[in-house]
Amino acid sequence: MVIVQTIEALEEAKNALTGSIGFVPTMGALHKGHLALIQQAKQENDHLIVSIFVNPTQFLEGEDLDAYPRKEEADIKICKLAGVDILFMPTIDVMYEEDELCIGAPAVRGYILEGEKRPGHFDGMLQVVMKLLNLSGATNAYFGKKDAQQLALITQMVKNYFMDVNIIPCNIVRDDNGLALSSRNVYLEGEEKTRALCISRSLKRATNMIIAGERNTEVIKKEMLSVLEDADQVEYIAIVDREFNAVDNVEIGNTIILVAAWVGKPRLIDNLWI
Ligand code: PAF
């Protein structure tokens, strides 16, 4: 594995590659969820590039940019063991200049749910993903369904800007208790770890209701809210179609149920694709 920090070194390392490139962009603090993306990318491509970059432009004022978990040494080991060819770990100076041209999230889909709670987050996320996709020269780029809205917006960006890369959605990875894996789970302390399980439990309850024939989204959301009483604050429960339009009825094969809630220090998100 080659570790590169500059654009020049990345270009040079890429010159040695022939065939398809799988790319997994990350902000580090790698866990089994990232590993699943890396393994799938490894399997489906001739070469594998991973990036680790805690992107400042997608953090809002007062968010956890400085505290965001950084585990460089462990991440490098994981990437080596997973058979990564190039690990790109740029600094902020490499990625950004002072007066940048920005791209913006779409006015509707980019400003609901996560976009409403974290205005500006998706602008910064899309800006860096555009850069990383261009730099990696990826044939296929892998993103987790856990960040469902992020995934939808990246897919839209690739379509709207006619970018030559396939965006591959990957399933959510959960721990044995059902908690969706996230780098921010390290913020959970003591009993919060147990309380956080109400989030995946609420999605499980929704699944059971749908299996039993319930389709009305208001009925399902009301029941989910009662399961979420262990959370400190529920920011939203949303039931949308794959285009992120709110729906009155669940349509099998075209629905996503999303939850965002605070449990202790972290704000956690999870979802279920029906
Ligand atoms: O999902 C993430 O970890 C980040 O949003 C991403 C896609 C690496 C961009 O910084």
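Note that ligands are numbered from 1 as they come in the structure, with each ligand's atoms numbered from 1 the same way.
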Taking only distance into account, with no hydrogens and no angle test, what donor-acceptor pairs under 3.5 Å do side-chain atoms of residues 91-99 form with protein atoms, sequence neighbours excluded?
residue: Tyr96; atom: OH; partner: Asn55; partner atom: OD1; Å: 2.6
residue: Tyr96; atom: OH; partner: Thr57; partner atom: OG1; Å: 2.9

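- Side-chain N/O atoms of Tyr161 and Asn134 include no donor and acceptor closer than 3.5 Å.
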Does ligand 1 have any N/O atom under 3.5 Å from a protein N/O, and what are those pairs and their distances?
residue: ligand 1; atom: 1 (O); partner: Gln150; partner atom: NE2; Å: 2.9
residue: ligand 1; atom: 5 (O); partner: Gln58; partner atom: NE2; Å: 2.9
residue: ligand 1; atom: 5 (O); partner: Gln150; partner atom: OE1; Å: 2.8
residue: ligand 1; atom: 10 (O); partner: Gln58; partner atom: OE1; Å: 2.6

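- A donor and an acceptor atom, one from each side chain of Glu44 and Tyr142, are located under 3.5 Å apart.
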With a cut-off of 3.5 Å and sequence neighbours excluded, list every side-chain donor-acceptor pair involving residues 253-260.
residue: Asn254; atom: OD1; partner: Arg242; partner atom: N; Å: 3.2
residue: Asn254; atom: ND2; partner: Glu251; partner atom: OE1; Å: 3.3
residue: Thr255; atom: OG1; partner: Glu251; partner atom: N; Å: 2.9
residue: Thr255; atom: OG1; partner: Glu251; partner atom: O; Å: 2.8

Please output the side-chain donor-acceptor pairs of residues 75-85 that fall under 3.5 Å, not counting sequence neighbours, one pair per line with the distance.
residue: Asp75; atom: OD1; partner: Leu30; partner atom: N; Å: 2.9
residue: Asp75; atom: OD2; partner: Ala29; partner atom: N; Å: 2.9
residue: Asp85; atom: OD2; partner: Leu48; partner atom: N; Å: 2.7

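- For Asp232 (side chain) and Gly264 (main-chain N/O), a donor-acceptor pair under 3.5 Å exists by modelled atom type.
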